[in-house]
Every structure is written in C-alpha cells, then in structure tokens.
Amino acid sequence: MNHEDALPDEAHHTLTFQHIASIEQNSEWTVLTSFKPPYTGFNDILTVKISSSSVESSLKEYMKSLWCTLYWYFQLPRSPSAIGAKPGAPKKEWKVEIRGAEENKTEVYEAERMGLIYNSYTCARRGQTETFYIYSKSFWQIPPDTFYQQSADSDNIYAIYPHPLQFSLPTTNGRHPLRPKPPAPGTTFYKRYIPSLNSFLTFRTANLETDVPILHKWMNNPRVDAFWGEAGPETHQHEFLKKGLEDNHCFPVIGSWRAFGEEVPFGYFEIYWVKEDRLAGYTETADWDRGVHVLVGEEKFRGSHRVNVWLSSLVHYMFLSDPRTMTLMLEPRVDNEKFISYLTKAGFYKEREFAFPHKQAAVMKLQRDAWDGPAC
C-alpha cells in the first residue's frame, strides 16, 4: 500500500490510494480526515467503492478491502489536533465513518451483520438514511481471519471458535467453565507487524525440546531471578517448563522479534485462567477472566516502547481468544514500580495489595471496554 508516513496537522486533507493488486484492482478508496476548531470535534470519513462481476466476489472483496483499509489506517499516528490541543482537553474516541453504502448496500449490510462496522439505526427497518461507522478500539477486538487471510493455505492463527458453556465438576479450584486446549507446543498463535519497530512480534507456545536452553539462560540472570526465583541447572528449567506444559489452566509462551529474516526470542510468559489460579482467592473474578506472568530475558529488547508493544499485544491476544473475557489481571510484586508504571500506562489500574505466601503483590486489572487497542 502507498500511504503517507504520518497524518499532517492540517485543517483538511485527503489521502487516496490503491490497495494491493492481489485483492482487487478496480477498487477505489478515499480517506478524508477533518479537524474542526477548537479541535474537540473529530471526524474521519472513509469511502470504499468496489466494482465486481459477481455478488459473491463483491462481498468477499469488500470485506477484505474494508478490513485492510482499517488495519492500515488505525496504525497511523493520530494528529495532535485530533487528540486535543491543550493539556486536559477532551479526547474523543477514534471513530471512522464509512461512506459508499449507496453503491455497495449489500456489502455494507453484510459488514455490519458480521460485526466489522456499526449502523446508527439498530431497528429492523431498512432504507432510511443510515450512518455506518467503526471505532478503533472495537476494530482491534475483531479476529483478523474473519475477514482477511494471507493465502488459501495459511494457518488461521486468529480463527476463534469459543467453546459453549459447560462447567466442570467442583474441584479444589472450585467450579469453572471447561477450557479449550491451548495451541500445541511450538505453534505460533499470534503474529503482528509493528511499524514503529519495523519488526514482527510473534508469540508461540513453548517447546520442551527446544526452549530449555534459552529459559535456563534467562532464569539465571540475577535481574530475573530476583522476581522469579527459578535459577539453577538446566534440569531445573526442564522440570519447570514440563510442569507448565502439563498445567490445565495455564500455558507457557515464548515471545520473539523477527526482522530481516532473523527471529530472536526475547521473553517468557504464562497465560492463565484466573478462576482456577491461586489469585482467585484474593480478588473477585469472573469465569473468563485471564491473567499473565511476564519475563523479558534479553537485555537488548528491554525499554518502555517495546514493553508497551508486547504487553498490549498479549492483551490483544487474550481479548481475541474469547469475547467473553472482560477483565485481564496481573499480580506484580509491589516493589516492581517500573513495571507497575508500564501497566498503568497500558490502561491497567491497581485494585489493591495483598500478601501471597512468597510476596506482597498488587492486583492490576484492565477492563475490555477501557482498552484502546495494541501499540503500533
């Protein structure tokens, strides 16, 4: 795609571009962004027109074109004028109005039915003057594979099929929904290009056959050991990872950065269901709340911006993986002030402190409706 690197701070400007030929050559996109003094009124208008020889092809190409356009657009930096010219000025949610419904009425209604856009009228009647729109924060909660797949034989790593509700028999962990199996060891379940870093970020399930050496290196770093306490010989990390892969409420994850053909692991994470975790004994939790433990092992991949990117991407995955997940939690040690500040910046709030047997912890929570989307 050809587009400007950033949106200029002007009263009005228009970006018109062609999307990649492999999608559709006769599509026409126009993006109009308006800023109105005193910069508290903000309106983005996107016009999408598709010409196609068949209804089936038109539906497919319209969905793909619209999703790709929004994916591109919502990764652009917002103009300071749109955010608010003065400290404390109102910051409106990023909203895009979809134009072109007259020429593509069937496609637009289908996009609304599938949850990609909203309709200003939610009544059953059709035909009145309607406005179609999408919020940035809503867009990032849509599984990409619903609308876009890179190739016919690519893995649908974001394809989500939530299990129907069925509760387990009461156990020592209490009553909770039956959980789906996590991705198999070695499987990449999240991949996203990060424009600001010119790199791909990936998450995959840890593999006992290949990941013990890197985990051994990280766990024996004094900085990491101070918080995790898992230093020791490789046999210790082997048992640690084996236990994680056999856990029914949690699974171990390796995060990697990939650029210029090289993929480098940088961190270890554990994604878990809070209802079955010991944290559930210290705070209110719902059936689909999730939590995560985090560890960055590679020194060169530390820093506030990278933390914001991988943290918001973990949030992105957990909200995508089940639409019933409304709250995410972490329980960092209270003296880990830098990480707690990162969490606060990412939208988490501190509920309270409590005493685990091994540490004084802070309950940090993020609500789905308070999340603005992943850092780009």
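Bear in mind that the values here come from a model prediction, so they are computed numbers and not experimental data. Numbers here simply count residues along the sequence, with the first being 1. Side chains are part of it too, since the values below use all heavy atoms of this structure and drop only hydrogens, waters and symmetry mates.
Nearest heavy atoms, Trp67 versus Pro144: CZ2-CB, 3.5 Å. When all heavy atoms of His236 and Ala231 are compared, the pair lying nearest together is CD2-O, 3.9 Å. Between Arg333 and Ala226, the closest heavy-atom pair is NH1-O, 3.0 Å.
Close placement of the Tyr133 and Tyr135 rings is indicated, their centers lying within 6.0 Å of each other. Ring to ring, Trp140 and His316 are close: their centroids are under 6.0 angstrom apart. Checked against the 6.0 Å centroid criterion, the rings of Tyr73 and Trp94 qualify as a close aromatic pair. Checked against a 6.0 Å centroid threshold, the rings of Phe269 and Phe203 count as neighbours. For Phe301 and Trp310, the distance between ring centers is not under 6.0 angstrom.
At least one donor-acceptor pair closer than 3.5 Å links the side chain of Ser312 to the backbone N or O of Asn308. Without hydrogens or angle criteria, Lys359 side chain to Pro332 main chain gives no donor-acceptor distance under 3.5 Å. In this structure a side-chain-to-backbone donor-acceptor pair under 3.5 Å is present from Thr69 to Ser65. Not one N or O on the side chain of Asp277 forms a donor-acceptor pair closer than 3.5 Å with the backbone of Gly291. Judged by distance alone, with hydrogens and angles left aside, the side-chain atoms of Ser196 form a donor-acceptor pair with the main-chain N or O of Cys376 at under 3.5 Å. Proximity of a side-chain donor or acceptor of His293 to a complementary backbone N or O of Glu331 within less than 3.5 Å is not detected. Lys365 places no side-chain N or O within 3.5 Å of a backbone atom of Thr327 that could act as its donor or acceptor partner.
A 4.5 Å side-chain heavy-atom check between Leu295 and Met219 finds at least one atom pair inside the cut-off. Annotation: side chain of Val315 is in contact with side chain of Leu366 (closest heavy-atom distance under 4.5 Å). Counting heavy atoms from C-beta on, the side chains of Met329 and Thr285 come closer than 4.5 Å. When side chains are defined from C-beta on, Glu263 does not count as touching Trp257, because their heavy atoms never get closer than 4.5 Å. Taking 4.5 Å as the limit, every side-chain heavy atom of Val96 sits out of range of all side-chain heavy atoms of Phe132. Here the side chains of Glu234 and Pro213 are in contact, with some heavy-atom distance below 4.5 Å. By the 4.5 Å heavy-atom criterion applied to side chains, Glu209 and Asn207 are counted as neighbours. The shortest distance between side-chain heavy atoms of Leu116 and Glu112 does not fall below 4.5 Å.
Taking the ring centre of Phe167 as origin, the terminal cationic atom of Arg175 falls inside the region bounded by 6.0 Å and 45° from the ring axis. For the pair Arg204 and Phe189, the cation does not sit on the ring face, since its NZ or CZ is not both under 6.0 Å from the ring centre and inside 45° of the axis. The side-chain tip of Arg223 does not point at the ring of Trp218 from less than 6.0 angstrom away and within 45° of straight on. The cationic group of Arg278 lies under 6.0 Å from the six-membered ring centre of Phe356 and within 45° of the ring axis, placing it in a cation-pi geometry.
Ser136 and Lys95 share no side-chain donor-acceptor pair at under 3.5 Å. With 3.5 Å as the limit, one finds no donor-acceptor pair spanning the side chains of Arg258 and Ser199. No donor-acceptor contact under 3.5 angstrom links the side chains of Thr131 and Glu97, judged on distance only. Side chain to side chain, Glu276 and His249 fail the donor-acceptor criterion of an N or O pair below 3.5 Å. Judged purely by distance below 3.5 Å, without hydrogens or angles, the side chains of Arg290 and Ser321 pair a donor atom with an acceptor atom. For the residue pair Glu337 / Tyr342, no side-chain donor-acceptor distance below 3.5 Å is found, with atom types taken as modelled.
Annotation: Gln367, atom CD; neighbour count of heavy atoms from other residues, nucleotides and ligands within 6.0 Å is above 12. The environment of Phe227 atom CZ is dense: over 12 non-hydrogen atoms of other residues, nucleotides or ligands sit within 6.0 angstrom. More than 12 heavy atoms of other shown residues, nucleotides or ligands fall within 6.0 angstrom of atom CG in Asp335.
Linking ILVMFWY side-chain heavy atoms closer than 4.5 Å, directly or via other members, places Leu245 and Val212 in a single hydrophobic cluster. There is no path of hydrophobic side-chain contacts, each under 4.5 Å, that joins Ile340 to Trp228. Both Met63 and Tyr118 sit in one connected hydrophobic cluster of ILVMFWY residues. Membership requires side-chain heavy atoms under 4.5 Å apart, directly or through other members. With hydrophobic clusters built from ILVMFWY side chains whose heavy atoms lie under 4.5 angstrom apart, Tyr268 does not share a cluster with Leu201. If you chain together hydrophobic residues whose side chains sit under 4.5 Å apart, Ile271 and Leu328 fall into the same group.
Of the residues listed (Phe139, Phe319, Phe348), the one engaging Trp371 in a ring-ring contact (aromatic ring centres under 6.0 Å, His included) is Phe319, and it is the only one.
Using a 4.0 Å cut-off between charged nitrogen and carboxylate oxygen, Lys243 and Glu239 do not count as a salt-bridge pair.
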| said: Is there a side-chain contact (heavy atoms from CB on, under 4.5 Å) between Asp287 and Arg324? Walk through the geometry before answering. | reply: CA-CA 9 Å; Asp287 286 333; Arg324 296 167 292 190; over 6 Å; no
| After noting the C-alpha distance and the side-chain angles of Lys345 and Val307, does the key distance pass the side-chain contact (heavy atoms from CB on, under 4.5 Å) rule? | CA-CA 11 Å; Lys345 183 180 179 181; Val307 171; over 6 Å; no
| Given Ile117 and Val108, is the side-chain contact (heavy atoms from CB on, under 4.5 Å) satisfied, shown in steps? | CA-CA 8 Å; Ile117 58 177; Val108 170; 3.9 Å; yes
